[in-house]
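So the structure is just underneath, and the comments pick up after that.
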Amino acid sequence: MVLMTQDDNTVDVTSPAPQAPLPEEPAAAMQAPVPLRFIAVPGHRLATGTEVGPEETLEPQLPPLREAVERALVGAEFRDMRARDRMRAALADDKVPTPPSGLERLGPSGVFARPPQDLPALLRLADQLDNLATVEAGERALVWRCGKCGTRYAVPVALARSVVIPCERCGNPVDLTPEKSVGEEALMDPFAGAVNATRRQLAGFFREAMARGFTVLVAGEDAGA
């Protein structure tokens with residue numbers, strides 16, 4: 001199997017079978033705002049209600065996918081419960097009654113984790129997310145590029161062979177010798193890749209929050225959304 005890619009479009013150039021249409025729901029979801037988000041702030045600001053400045057907030061850079069956060073937490077645990085259940089419980093049972101100045105934009109929010117008591121559990125959660133991202137990264141492919149038109153070709157690592165093929169776009173010979181590849185990439189659909197990116201971002205965010213001694217909040221959609 002050889003995949004030809006250009007401008008982020010992927011086409012199977014060896015199989016004449018028609019490709020199944022992409023599901024509509026994930027495509028619609030990719031255009032929607034993220035409804036759940038994490039943010040970390042100094043705990044004493046929450047206790048005193050004093051203003052929280054931008055330099056005192058920490059937030060992961062997550063892909064703009066509506067279900068990315070919940071999907072990223074599937075299979076992970078926090079203390080003795082599923083991480084997704086803990087997130088929902090924080091919003092339902094551990095709400096921040098009056099957000100300090102600077103956090104009003106978050107809308108409804110709850111405390112997900114507090115240092116120092118939650119530090120070990122949050123670090124374990126970060127490790128779980130990294131492991132899930134590694135396990136679910138899926139099959140990898142070697143990548144080549146046509147020297148004339150720049151069209152990219154990808155072949156699963158297990159199927160890579162030394163062969164020369166004509167470029168499907170310009171006819172220029174493309175040498176698919178493994179040693180001449182320009183690198184590797186994961187063979188996964190865009191949504192799965194975004195979920196894995198969310199896992200990595202959350203893992204780093206949780207570790208940094210605990211290192212700073214910040215309280216981790218989970219928030220619903222913006223108040224103005």
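Residues take their numbers from the sequence shown, with the count starting at 1.
Minimum heavy-atom separation, Met210 to Leu119: SD-CA, 3.5 Å. Nearest heavy atoms, Gly213 versus Pro115: O-CG, 3.3 Å. Of all the heavy atoms in Cys170 and Cys146, the pair that sits closest is SG-SG, 3.6 Å. The two residues Gly43 and Thr215 make their nearest non-hydrogen contact at CA-OG1, 3.4 Å. Val218 and Leu91 make their closest contact through O-CD2, 3.4 Å (heavy atoms, listed as atom of the first residue, atom of the second, distance). The minimum heavy-atom distance between Ala72 and Leu129, with the atom names listed, is O-CD2, 3.4 Å.
Looking at Gln128, its side chain does come within 3.5 Å of a backbone N or O of Glu77 through a donor-acceptor pair. Here the side chain of Arg37 pairs no donor or acceptor atom with the backbone of Ala219 at under 3.5 angstrom. With Asp175 contributing its side chain and Val164 its backbone, the two residues share no donor-acceptor pair below 3.5 Å. Checked by atom type and distance alone, the side chain of Trp144 pairs as donor or acceptor with a backbone atom of Thr177 at under 3.5 Å.
Contact of the Asn172 side chain with the Cys149 side chain is not registered, since no non-hydrogen atoms from C-beta on lie closer than 4.5 Å. The side-chain heavy atoms of Leu62 and Phe38, taken from C-beta on, include no pair separated by under 4.5 Å. Between Phe206 and Pro60 there is no side-chain heavy-atom pair separated by less than 4.5 Å. In this structure, the side chains of Arg200 and Thr134 come closer than 4.5 Å at one or more pairs of heavy atoms. Annotation: side chain of Glu184 is not in contact with side chain of Val143 (no heavy-atom distance under 4.5 Å). In this structure, Val52 and Thr57 have side chains that are in contact, with non-hydrogen atoms separated by less than 4.5 Å. Under the 4.5 Å side-chain criterion, counting only non-hydrogen atoms from C-beta, Pro173 is not in contact with Pro166.
Note that the CG atom of Leu217 and the CG atom of Leu46 stand 5.5 Å from one another [nearest 0.5 Å]. Glu56 CD to Phe214 CZ: the interatomic distance, rounded to the nearest 0.5 Å, is 6.5 Å. Here the CG-CG distance, from Leu176 to Leu142, works out to 9.5 Å after rounding to the nearest 0.5 Å. Atom CG of Leu65 and atom CZ of Phe191 lie 5.5 Å apart (nearest 0.5 Å). Once rounded to the nearest 0.5 Å, the distance linking CG of Leu58 with CD1 of Ile39 reads 8.0 Å.
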For this session: Take Asp130 and Arg207, measure what side-chain contact (heavy atoms from CB on, under 4.5 Å) needs, and give me the verdict at the end.
Result: CA-CA 11 Å; Asp130 272 339; Arg207 293 189 181 103; 2.9 Å; yes
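In terms of hydrophobic clustering, with Ile, Leu, Val, Met, Phe, Trp and Tyr side chains grouped at heavy-atom distances under 4.5 Å, Val195 and Leu132 are assigned to different clusters. Residues Phe205 and Met87 are members of one and the same hydrophobic cluster, defined by side-chain heavy-atom contacts under 4.5 angstrom among Ile, Leu, Val, Met, Phe, Trp and Tyr. When the side chains of ILVMFWY residues are joined at heavy-atom separations under 4.5 Å, either directly or via intervening members, Val74 and Met81 end up in two distinct hydrophobic clusters.
Note: Phe112 and Phe78 have tilted aromatic rings, judged against thresholds of 30 and 60 degrees for the angle between ring planes.
A salt bridge between Arg199 and Glu136 is present, with a side-chain N of the basic residue lying under 4.0 Å from a carboxylate O of the acidic one. Under the 4.0 Å criterion applied to side-chain N and carboxylate O atoms, Arg79 and Asp85 are not assigned as salt-bridge partners. The pair Arg88-Glu70 meets the salt-bridge criterion, since a charged nitrogen lies less than 4.0 angstrom from a carboxylate oxygen. Between Arg86 and Asp118 there is no salt bridge, since no side-chain nitrogen of the basic residue lies less than 4.0 Å from a carboxylate oxygen of the acidic one.
Annotation: Gln61, atom CD; neighbour count of heavy atoms from other residues, nucleotides and ligands within 6.0 Å does not exceed 12.
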